[in-house]
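Before any comments, here is the structure.
Keep in mind that the numbers below use all heavy atoms, side chains included, and drop hydrogens, waters and symmetry copies. Here the structure is a predicted model, which is why all the values come from computation and not from measurement. In listed order, ligands and their atoms are each counted from 1.
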Amino acid sequence: MGAGVLLGVAVSLAAGGDAWEPQRERMVAEQIAGRDVTDGAVLRAMRRVPRHLFVPERARAEAYGDFPLPISHGQTISQPYIVAYMTQLLRLKPGAKTLEVGTGSGYQAAVLAEVTRTNVYSIEIVEPLAKTASERLKQLGYGQVVVKHGDGYLGWPEHAPFDAIIVTAGAAHVPPPLIGQLKRGGRMVIPVGGAWTVQSLVIIEKLPDGTVKKRDDLPVRFVPLTGKGQNRE
Ligand code: SAM
């Protein structure tokens with residue numbers, strides 16, 4: 001079978017219209033728009049990305065539930081609401097260059113790609129997860145997501161500066177390299193706090209004069225950011 005045929009199938013899956021569409025609609029209505037997510041581009045992305053294809057096959061029936069799910073290697077795909085809420089906090093415009101730290105399944109990266117309609121750079125420290133997510137994203141038609149295996153604490157200097165940075169693992173502190181790689185006028189969203197405890201979702205804005213403003217938002221619970229910079233390995 002040619003790659004073109006495979007891609008054709010995948011693109012139509014990514015564009016919605018599959019048997020799971022009613023579940024996605026319900027997820028958006030009840031868990032996302034039904035709470036406080038109002039950004040139309042984010043809601044549209046959540047309606048389109050086929051979340052059931054980002055979870056292990058045995059967990060498909062639960063893919064649109066209001067909770068995170070285990071993927072593998074002790075990691076998780078975040079709760080749909082948190083994915084939507086964090087994406088909304090980034091205030092993305094089409095064309096925004098975005099960095100994600102913690103690719104995991106690739107689901108959040110696909111949502112970012114739907115909203116920005118341009119390249120998304122995503123870093124994953126667990127090599128098999130990086131490989132699987134990269135292949136999955138390509139098959140589903142999200143070829144504009146560029147996944148690299150590495151320590152996201154260090155960011156991705158070759159593609160910096162970024163309009164937006166999202167960290168999807170709980171950090172002990174905000175990595176200084178990520179602040180350095182945020183564009184003036186850009187926003188970063190990152191859970192900060194202890195490992196395996198409640199963390200605070202921190203919103204960081206780099207103002208046009210380069211000043212950095214931080215504020216705490218929601219209490220959240222994420223798997224820990226690992227890697228050398230966090231002194232957790
Ligand atoms: N965004 C993911 C998704 O949509 O499936 C969920 C991310 S999961 C909650 C956190 C991920 O961060 C894990 O896959 C973990 O391996 C990864 N991670 C932890 N520390 C990291 C680091 N220093 N650099 C890159 N990835 C890291």
Practice item. For the residue pair Y64 and H52, categorise the inter-ring angle as parallel (less than 30°), tilted (30 to 60°) or perpendicular (more than 60°). Key: tilted
Review point. For ligand 1, is any non-hydrogen atom under 4.0 Å from L129's backbone (N, CA, C, O), its side chain (CB onward), both, or neither?
Key: side chain
Study note, to complete from the structure: Of all protein heavy atoms, the one nearest atom 8 (S) of ligand 1 is T76 O, 3.1 Å
Point to revise | Protein contact to atom 5 (O) of ligand 1 [nearest heavy atom, distance to 0.1 Å] | key: S105 OG, 2.6 Å
Practice item. Please identify which atoms of ligand 1 are closer than 4.0 Å to at least one heavy atom of A169. Key: 12 (O)
**Study point:** Protein contact to atom 12 (O) of ligand 1 [nearest heavy atom, distance to 0.1 Å]
**Key:** G102 CA, 3.2 Å
Check your understanding: Identify the closest protein heavy atom to atom 26 (N) of ligand 1: which residue and atom is it, and at what distance?
Key -> I125 N, 3.2 Å
Check your understanding: Taking non-hydrogen atoms only, is Q75 closer than 4.0 angstrom to ligand 1 via side chain, backbone, both or neither?
Key -> side chain
Point to revise | ligand 1 atoms in contact with I77 (distance to a heavy atom under 4.0 Å) | key: 5 (O)
Exercise for review: Determine the sole option in L99, I179, V101 for which the side chain to side chain contact (heavy atoms under 4.5 Å, CB included) test with M188 is passed.
Suggested key: I179
Practice item. Please find out if less than 6.0 Å separates the ring center of H173 from that of Y153. Key: yes
Check your understanding: Considering only heavy atoms, does V223 approach ligand 1 within less than 4.0 Å through its side chain, its backbone, both, or neither?
Key -> side chain
Point to revise | Per-residue contact class, H73 against ligand 1 - non-hydrogen pairs under 4.0 Å | key: neither
Check your understanding: Looking only at heavy atoms, is any part of P224 under 4.0 Å from ligand 1, and if so is it the side chain, the backbone, or both, or is it neither?
Key -> backbone
Point to revise | Close-contact set for ligand 1 against G152 heavy atoms, below 4.0 Å | key: 22 (C), 23 (N), 24 (N), 25 (C)
Review point. When you measure from atom 14 (O) of ligand 1 to every protein heavy atom, which one gives the shortest distance, and what is it?
Key: E124 OE1, 2.7 Å
Check your understanding: Does a side-chain N-to-carboxylate-O contact under 4.0 Å join R44 and D39?
Key -> no
Check your understanding: Looking at atom 20 (N) of ligand 1, what's its closest protein heavy atom, distance included?
Key -> T226 N, 2.9 Å
